[in-house]
Peer 1: 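One structure, pasted below without further comment.
Sequence positions, counted from 1, serve as the residue numbers for this chain.
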Amino acid sequence: MLWIRRRRARNTELSAAPPAERLPDLEFLALVKASLEEYAPGVTEGAELKGNSLISPRGWAVAVAPPIHGGGHHYELVALPDVNIQPDVPCFMECAVAMNGDPRTAADAWVQTAGACLLELLDGHEHFADHAGPDHERGVPGWHSITSGAVAFGLDVSENQKLQSAVLEANVLRRIADTFTEDLESPFFNGVKVFYGGLPGRMEAEIRVNGERHDVASAAMAALNLPEPTVFTAVRYHALLLPVEAGGGPDPA
């Protein structure tokens with residue numbers, strides 16, 4: 001199924017307002033909690049904000065890690081589906097960026113992409129993200145994928161929608177799978193971020209695997225010759241790639 005967003009995912013039009021100052025970790029996680037609750041009512045029941053983490057009594061957590069890249073408006077979020085798996089708790093990382101100066105917008109974008117993958121990993125019934133087996137036309141060969149919708153943000157809503165559609169129709173991860181799948185090391189799940197955005201003539205294509213930029217895959221995505229918008233526009237989505245035996249169920253038709 002090809003889709004752009006679920007529930008209240010937004011086409012975000014950027015304002016010209018100057019960026020706000022970076023919120024303390026717990027204040028930003030409070031926004032993430034509110035967005036998760038709006039996206040999936042009841043999911044944050046009993047969850048508490050402690051230290052640098054949002055911790056659910058159901059075993060999942062979201063934490064803020066020390067900044068790795070980007071400026072002061074980046075929040076490096078770590079999703080932990082089950083903190084009871086010890087000693088090495090499986091997790092995946094994805095940044096949230098307040099590009100329009102509004103940290104709530106950054107929290108929403110994270111929830112609608114990486115957060116949707118977290119929710120779907122916990123739920124498993126395609127309520128929050130799509131599943132595809134390795135032989136599916138939108139799957140990744142050798143892996144079971146859980147893929148979020150795409151979130152776009154930019155200066156023009158129409159350009160946002162056009163670029164969203166173009167990125168999804170490009171079927172990026174399947175087409176460039178042979179450039180990065182050998183680097184998927186986790187026996188639980190591997191987080192993959194797809195980003196395409198920028199100004200006309202200065203577009204950036206980026207693939208991040210388990211939080212790290214993958215140069216070969218990014219170059220392969222750039223070679224797909226995706227269309228350029230007429231004004232600043234960016235699109236991102238997130239996928240979790242699981243070993244086939246961990247994906248559960250038959251290959252979706």
Side-chain angles (χ1 to χ4, degrees), residues 1-10 29 32-47 54-63 77-85 89-94 96 107-152 164-165 167-169 171-174 177 181 184 186-194 210 235-253:
M1 175 170 59
L2 179 68
W3 57 282
I4 290 178
R5 58 185 183 269
R6 290 181 181 267
R7 303 204 178 181
R8 63 177 202 90
R10 298 175 184 167
L29 283 174
V32 171
K33 179 181 180 183
S35 187
L36 280 168
E37 184 60 31
E38 190 169 340
Y39 195 73
V43 73
T44 66
E45 183 178 356
L54 170 64
I55 304 172
S56 168
R58 302 176 189 179
W60 61 263
V62 179
L77 298 186
V78 182
L80 305 101
D82 189 352
V83 298
N84 296 311
I85 298 176
V89 181
C91 64
F92 62 95
M93 181 177 290
E94 170 70 294
D108 288 346
W110 185 89
V111 166
Q112 295 157 12
T113 52
C117 288
L118 169 64
L119 293 172
E120 185 57 33
L121 193 63
L122 298 172
D123 177 79
H125 298 293
E126 294 197 88
H127 292 152
F128 306 103
D130 287 333
H131 289 252
D135 298 324
H136 190 273
E137 63 180 6
R138 299 192 64 81
V140 174
W143 297 83
H144 182 98
S145 59
I146 296 174
T147 307
S148 77
V151 171
Q164 274 180 317
S165 295
V167 170
L168 288 173
E169 289 170 1
N171 202 6
V172 173
L173 292 183
R174 186 168 184 85
T181 49
L184 302 178
S186 172
F188 298 102
F189 45 77
N190 297 267
V192 180
K193 171 186 176 180
V194 176
N210 293 327
V235 176
R236 61 186 275 190
Y237 65 89
H238 200 86
L240 293 180
L241 302 183
L242 295 71
V244 173
E245 62 272 15
D251 185 13

Peer 1: Considering only heavy atoms from C-beta outward, does the side chain of Asp82 approach that of Val89 to under 4.5 Å?
Peer 2: no

Peer 1: Nearest heavy-atom pair of Ala79 and Pro81: which atoms, and what distance?
Peer 2: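 Heavy-atom minimum between the residues: O-CD, 3.6 Å.
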
Peer 1: Judged by atom type as modelled, is there a donor-acceptor pair below 3.5 Å linking the side chain of Glu94 to the main-chain atoms of Leu77?
Peer 2: no

Peer 1: Measure the spacing between CH2 of Trp110 and CZ of Arg236 and express it to the nearest 0.5 Å.
Peer 2: 10.0 Å

Peer 1: Which atoms form the tightest heavy-atom contact between Pro243 and Pro187, and what is the distance?
Peer 2: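 That closest heavy-atom pairing would be CG-O, 3.4 Å.
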
Peer 1: State, yes or no, whether a side-chain contact exists between Val151 and Asp108 at a heavy-atom distance under 4.5 Å.
Peer 2: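 Sidechains of Asp108 and Val151: no contact.
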
Peer 1: Could you walk me through whether Leu121 and Leu240 pass the side chain to side chain contact (heavy atoms under 4.5 Å, CB included) test, one step at a time?
Peer 2: CA-CA 9 Å; Leu121 193 63; Leu240 293 180; 4.0 Å; yes

Peer 1: When you measure from the side chain of Gln112 to the backbone N and O of Ala150, does any donor-acceptor pair fall under 3.5 Å?
Peer 2: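 Side chain of Gln112 to backbone of Ala150: no pair is present.
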
Peer 1: Kindly say whether His238 contributes a backbone atom to a donor-acceptor pair with the side chain of Thr113 at under 3.5 angstrom?
Peer 2: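 Between the backbone of His238 and the side chain of Thr113 there is no qualifying donor-acceptor contact (under 3.5 Å).
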
Peer 1: Hey, does Ile146 have a side-chain heavy atom less than 4.5 Å from the side chain of Phe189?
Peer 2: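 Contact flag for Phe189/Ile146 side chains = no.
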
Peer 1: What are the two closest non-hydrogen atoms of Ala132 and Gly139, and how far apart are they?
Peer 2: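 Reported closest heavy-atom pair: CB-CA, 3.9 Å.
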
Peer 1: Any side-chain heavy atom of Ile85 sitting closer than 4.5 Å to one from Leu80?
Peer 2: no

Peer 1: Atom OG1 in Thr44, atom CD1 in Ile55: separation rounded to 0.5 Å?
Peer 2: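 Result: 14.0 Å between the selected atoms.
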
Peer 1: Kindly compute the distance separating CG (Asn171) from CZ (Arg138), expressed to the nearest 0.5 Å.
Peer 2: 4.0 Å

Peer 1: Shortest non-hydrogen contact from Asn190 to Trp143?
Peer 2: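 So the two residues come closest at ND2-CZ3, 3.6 Å.
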
Peer 1: Please give me the minimum heavy-atom distance between Tyr237 and Gly149, naming the atom from each residue.
Peer 2: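 Result for this residue pair: CB-O, 3.3 Å.
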
Peer 1: Would you say that His136 contacts His131 through its side chain, given a criterion of any heavy-atom pair below 4.5 Å between the two side chains?
Peer 2: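 With C-beta onward as the side chain, the pair stays apart.
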
Peer 1: Ala116 and Ser148: which non-hydrogen atoms are nearest, and at how many Å?
Peer 2: CB-CB, 4.2 Å

Peer 1: Enter the distance from Asn210:CG to Leu184:CG here, rounded to the nearest 0.5 Å.
Peer 2: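 Rounded to the nearest 0.5 Å, the CG-CG separation comes out at 7.0 Å.
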
Peer 1: Are any side-chain N or O atoms of Lys33 and backbone N or O atoms of Leu54, one a donor and one an acceptor, separated by less than 3.5 Å?
Peer 2: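 Judged by distance alone, no pair lies under 3.5 Å.
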
Peer 1: Taking the side chain as everything from C-beta on, heavy atoms only, tell me whether Leu119 gets closer than 4.5 Å to Val43.
Peer 2: yes

Peer 1: So, do Leu168 and Val235 sit near enough that their side-chain heavy atoms are less than 4.5 Å apart?
Peer 2: no

Peer 1: So Phe92 and Phe188, do their side chains get closer than 4.5 Å, heavy atoms only?
Peer 2: no

